[in-house]
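For ligands, and for the atoms within them, numbers begin at 1 and follow the listed sequence.
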Amino acid sequence: MHEDLERVLFTEEEIRAAIERVAGEIAADYQEKEITLVTVLRGAVFFAADLARALPLPVRMDFLAVSPFPLASGSGMVRIAKDLDESIAGQHVLLVEDIVDTGLTLRYLMKTLTLRQPSSLAACAFLDKKPRRLADVPLRYRCFEIPDRFVVGYGLDYQQHYRNLPYVAVLKPEVFRG
Ligand code: PRP
């Protein structure tokens with residue numbers, strides 16, 4: 001284990017099992033329908049790639065990126081920095097996040113994507129950090145709930161590091177407190 005890490009929270013095997021469970025839930029809900037996975041860059045690409053391969057359904061993939069609203073950093077306000085490449089009108093859209101923390105990003109994205117008239121819209125997150133929630137967001141699928149700790153790996157970063165760890169780990173507080 002990397003010296004900056006306190007402990008492993010979820011191993012590769014636990015992650016694989018959780019994704020298979022969630023893929024099964026999604027497959028049961030959507031039956032044979034085609035799903036468009038709308039993935040929020042950057043961290044969620046790892047989860048989206050594994051989820052897509054675990055889904056026994058036709059899947060389309062598109063991506064967007066958000067960034068803090070200019071002059072409002074720390075407020076939780078975000079804007080779309082990179083938009084989808086294609087229309088989602090009439091499609092069954094599943095928004096894919098690596099982590100839902102305050103829920104403000106997900107709330108904004110659900111509102112924005114609803115205006116584009118998909119046939120259905122639901123959200124799926126790899127990690128659900130419920131203790132930090134400020135917005136009551138409809139998160140239909142989640143792999144794991146986590147406590148209010150700084151976690152990295154499997155897409156999640158600290159200053160762009162650790163995303164490629166194949167497991168999820170708690171970062172030592174002294175690393176991000178300096
Ligand atoms: C994470 C995550 C969500 C957001 C959730 O992105 O992917 O977009 O934070 O936080 P919230 O629930 O408090 O709104 P991050 O800013 O870490 O970007 P990254 O995926 O590029 O690392």
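- In summary, R133 and D128 engage in a salt bridge, as defined by a charged side-chain N under 4.0 Å from a carboxylate O.
- For the residues I99, V45, V96, V100, the heavy atom positioned nearest atom 9 (O) of ligand 1 is part of I99.
- Applying the side chain to side chain donor-acceptor pair (under 3.5 Å) rule to Y167 yields no partners; only residues at least two apart in sequence or on another chain are considered.
- Residues K129 and R149 have side chains not in contact (no heavy-atom distance under 4.5 Å, counting atoms from C-beta outward).
- Put simply, atom 14 (O) of ligand 1 has protein non-hydrogen atoms near it, under 4.0 Å away.
- Shortest contact from atom 19 (P) of ligand 1 to any protein heavy atom: R42 N, 3.6 Å.
- Looking at atom 17 (O) of ligand 1, its nearest protein heavy atom turns out to be D157 OD1, 4.3 Å.
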What do the steps show when you test L9 against R7 for side chain to side chain contact (heavy atoms under 4.5 Å, CB included), and what is the final call? CA-CA 6 Å; L9 207 52; R7 67 190 159 100; 3.3 Å; yes
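- Between V66, T102, T105, L127, it is T105 that holds the heavy atom closest to atom 4 (C) of ligand 1.
- Under the 4.0 angstrom criterion, atom 6 (O) of ligand 1 counts as lacking any protein heavy-atom contact.
- Checking D128, V78, L109, D101 against atom 10 (O) of ligand 1, the nearest heavy atom belongs to D101.
- Using a 4.0 angstrom heavy-atom cutoff, R163 counts as in contact with ligand 1.
- Close approach of ligand 1 to D98 is summarised as follows: ligand atoms under 4.0 Å from at least one heavy atom of the residue are 2 (C), 7 (O), 20 (O).
- For the ligand labelled ligand 1, residue A44 lies outside the 4.0 Å heavy-atom shell.
- Between R116 and D83 a salt bridge is recorded (basic side-chain N to carboxylate O distance below 4.0 Å).
- Between R21 and E25 there is a salt bridge, since a side-chain N of the basic residue sits under 4.0 Å from a carboxylate O of the acidic one.
- The distance from ligand 1 to the heavy atoms of L104 drops below 4.0 Å at these ligand atoms: 12 (O), 14 (O).
- Residue E32 places its CD atom among 12 or fewer non-hydrogen atoms of other residues, nucleotides or ligands, all under 6.0 Å distant.
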